[in-house]
Undergrad: 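I'd like to ask you about the structure that follows.
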Amino acid sequence: MALSRVCWARTALWGSAATPGPYVTRRLQLVRSGLAWGGPRSSNLHLSPKADVKSLLSYVVTKTKAINGKYHRFLSRHFPRFYILYTTFMKGLQMLWADAKKARRIKANMWKHNIKFHQLSYREMEHLRQFRRNITKCVFLGIISIPPFANYLVFLLMYLFPRQLLIQHFWTPKQQIDFLDIYHALRKQSHPEILCYLEKIIPLISDVGLRWHMTELCTKVQRGTHPAIHDILALRECFSNHPLGMDQLRAFQMKALSRAMLLTPYLPSLLLRHRLKSHTTVIHQLDKALVKLGIAQLTAQEVKSACYLRGLNSTHIAEERCRTWLGEWLQISCSLKGRRYVNGWMFLRCTVAVQKKSKY
């Protein structure tokens, strides 16, 4: 018994000359194969789950871009008119989304630093003003799309009436020029009515000198002559009180002013007066911010947009002429303060912005 234990120990230490059993043979083969091929691979050689997800997403994005490119080429080749509408709509969505993110950043900065609207820079003020108008029209489209199956009708209406239902982001380049001309023609229709009212109130002006200046200026505007800056500034006292004060205007007069400023005239008199005051106040704040920035800092598109907002059809006018006109506007605007500016905007719209016989 003791001898057998010694033999087993010797076999374990020095190896046994006897033929091993099948189980031992299999274990030896596994060990040798492991030594031949090396140890098991480390887990570091495999991609992590996060890297696998990134590579999968990269592959999906690449494939999606390729398919999208083929789809665009197919549409442009076989359906060119639909392709123009499709690309315009997609670019419009991207621009609207970018505007929303920028407006959110501006609002967050205002809340964080307790900044009022009139304390913003010119570009931030203009961006918020335009975004509010755009989002109002988008909200209207969203409301009329709520009923079941109404969205199909809304798409049809958007296709048939893009000027009334869509914002400028979704207009084609040709539509932008045509629609701006249409809007300008609509606001020009109200200018004769406003000039006629100005002529009627001339006898009600108590000051003889102001009465003469008003008569001369109305005559120049009717002839299509661009009035000088000093001719306009000489009449700023007329718009502080009766009969040209904003609080003394009648409903039909405020409706004419609203059409001249591309505001809806289909509101009660109280709302019309409030909206006219708020609109002109915003324009005045933009003017002051633009003076601080300087007209030279504006791009060509910004200059044309600023002129169009203030009454000039800048789509057909050279950039340098637009800059000159805008400079004259700012000279007059910054000379009117407080209530004089709000009341004097009616006069500015008829004398500085557009003459009766002028194409622009």
Side-chain angles (χ1 to χ4, degrees), residues 99 103 106 110 116-140 164 167-168 179-180 182-191 193-195 197-198 232 236 239-240 244-291 302 304-314 325-326 329-330 332-354:
D99 288 349
I106 296 173
M110 291 174 63
K116 303 299 182 182
F117 177 79
H118 66 275
Q119 296 174 330
L120 296 173
S121 65
Y122 171 77
R123 289 190 173 94
E124 291 176 338
M125 293 172 63
E126 175 62 21
H127 183 84
L128 286 183
R129 185 201 66 82
Q130 188 62 45
F131 180 74
R132 289 170 183 171
R133 293 177 63 89
N134 292 342
I135 204 64
T136 301
K137 188 174 287 189
C138 294
V139 169
F140 171 74
Q164 293 83 354
I167 61 177
Q168 292 190 24
F179 292 167
L180 290 179
I182 293 174
Y183 278 127
H184 186 70
L186 291 175
R187 64 185 178 187
K188 278 185 66 176
Q189 293 175 3
S190 62
H191 292 158
E193 183 179 352
I194 299 174
L195 285 172
Y197 169 71
L198 289 175
I232 300 173
R236 53 188 167 186
F239 298 92
S240 299
L244 293 177
M246 183 67 72
D247 295 331
Q248 286 77 37
L249 296 180
R250 299 179 181 178
F252 73 93
Q253 297 162 350
M254 290 188 293
K255 289 182 179 181
L257 285 174
S258 298
R259 289 192 297 269
M261 301 178 192
L262 296 179
L263 302 175
T264 177
Y266 308 107
L267 292 174
S269 299
L270 184 62
L271 293 179
L272 281 176
R273 183 174 284 108
H274 172 73
R275 194 171 187 189
L276 284 172
K277 288 182 178 180
S278 61
H279 181 74
T280 52
T281 300
V282 169
I283 302 298
H284 192 201
Q285 293 170 349
L286 284 170
D287 290 342
K288 292 191 292 186
L290 182 54
V291 170
E302 289 175 336
K304 289 182 176 292
S305 298
C307 291
Y308 192 90
L309 174 64
R310 290 156 178 82
L312 183 70
N313 189 10
S314 54
W325 184 92
L326 187 58
W329 173 279
L330 293 179
I332 301 173
S333 172
C334 294
S335 299
L336 303 174
K337 298 180 180 180
R339 189 173 57 178
R340 291 178 181 174
Y341 183 87
V342 177
N343 297 334
W345 229 78
M346 173 180 64
F347 193 64
L348 287 172
R349 291 293 292 109
C350 299
T351 55
V352 183
V354 183

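The first residue of the sequence shown is numbered 1, and numbering continues consecutively from there.
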Undergrad: Determine the minimum heavy-atom distance between His184 and Leu312, stating which atoms define it.
TA: CE1-C, 4.3 Å
Undergrad: Give the C-alpha distance, both sets of side-chain angles, the deciding distance and a yes or no for side-chain contact (heavy atoms from CB on, under 4.5 Å) between Arg275 and Met254.
TA: CA-CA 10 Å; Arg275 194 171 187 189; Met254 290 188 293; over 6 Å; no
Undergrad: Could you tell me which non-hydrogen atom of Trp325 sits nearest to which non-hydrogen atom of Cys307, and how far apart they are?
TA: CE3-SG, 3.7 Å
Undergrad: Taking all non-hydrogen atoms of both residues, which atom of Ala289 and which atom of Met125 are closest, and how far apart?
TA: CB-SD, 3.8 Å
Undergrad: What verdict does the side-chain contact (heavy atoms from CB on, under 4.5 Å) test give for Leu286 and Leu309, after you've listed the backbone C-alpha separation in whole Å, the side-chain angles of each residue and the deciding distance to 0.1 Å?
TA: CA-CA 11 Å; Leu286 284 170; Leu309 174 64; 4.1 Å; yes
Undergrad: Tell me, yes or no, whether the heavy-atom count around Tyr183 atom OH, taken from other residues, nucleotides or ligands under 6.0 Å, exceeds 12.
TA: yes
Undergrad: Say you draw a straight line from CD1 of Ile283 to CG of Leu290; how long is it, rounded to the nearest 0.5 Å?
TA: 11.0 Å
Undergrad: Identify the two heavy atoms, one from Asn313 and one from Arg187, that lie closest to each other, and give their separation to 0.1 Å.
TA: N-NH2, 4.3 Å
Undergrad: Within the distance-only criterion (no hydrogens, no angle test), does the side chain of Ser333 pair as donor or acceptor with the backbone N or O of Trp329 below 3.5 angstrom?
TA: no
Undergrad: Considering only residues two or more places apart or on different chains, which pairs with a residue in residues 255-267 satisfy side chain to side chain donor-acceptor pair (under 3.5 Å)?
TA: Glu193-Arg259
Undergrad: So, do His118 and Lys288 sit near enough that their side-chain heavy atoms are less than 4.5 Å apart?
TA: no
Undergrad: With sequence neighbours excluded, what pairs up with Leu180 under the side-chain contact (heavy atoms from CB on, under 4.5 Å) test?
TA: Gln168, Tyr308, Thr315
Undergrad: Report the distance from atom CG of Leu272 to atom CG of Leu263, rounding to the nearest 0.5 Å.
TA: 9.0 Å
Undergrad: What distance separates Ile106 CD1 from Met110 CE, expressed to the nearest 0.5 Å?
TA: 8.5 Å
Undergrad: Distance from Met261 atom CE to Leu276 atom CG, nearest 0.5 Å?
TA: 5.5 Å
Undergrad: Can any side-chain N or O of Arg310 pair as donor or acceptor with the backbone N or O of Leu330 at less than 3.5 Å?
TA: no
Undergrad: Given the rule in the side-chain contact (heavy atoms from CB on, under 4.5 Å) test, do Glu124 and His127 qualify, once you have shown the distances and angles that lead to the verdict?
TA: CA-CA 5 Å; Glu124 291 176 338; His127 183 84; 5.7 Å; no
Undergrad: Keeping to residues at least two apart or across chains, list the salt bridge (Lys or Arg N to Asp or Glu O under 4.0 Å) pairs with something in residues 127-138.
TA: Glu126-Arg129
Undergrad: For the residue pair Lys277 and Thr280, what are the closest heavy atoms and their distance?
TA: O-OG1, 3.0 Å
Undergrad: Give the minimum heavy-atom separation between Ala103 and Phe131, together with the two atoms involved.
TA: CB-CD2, 3.7 Å
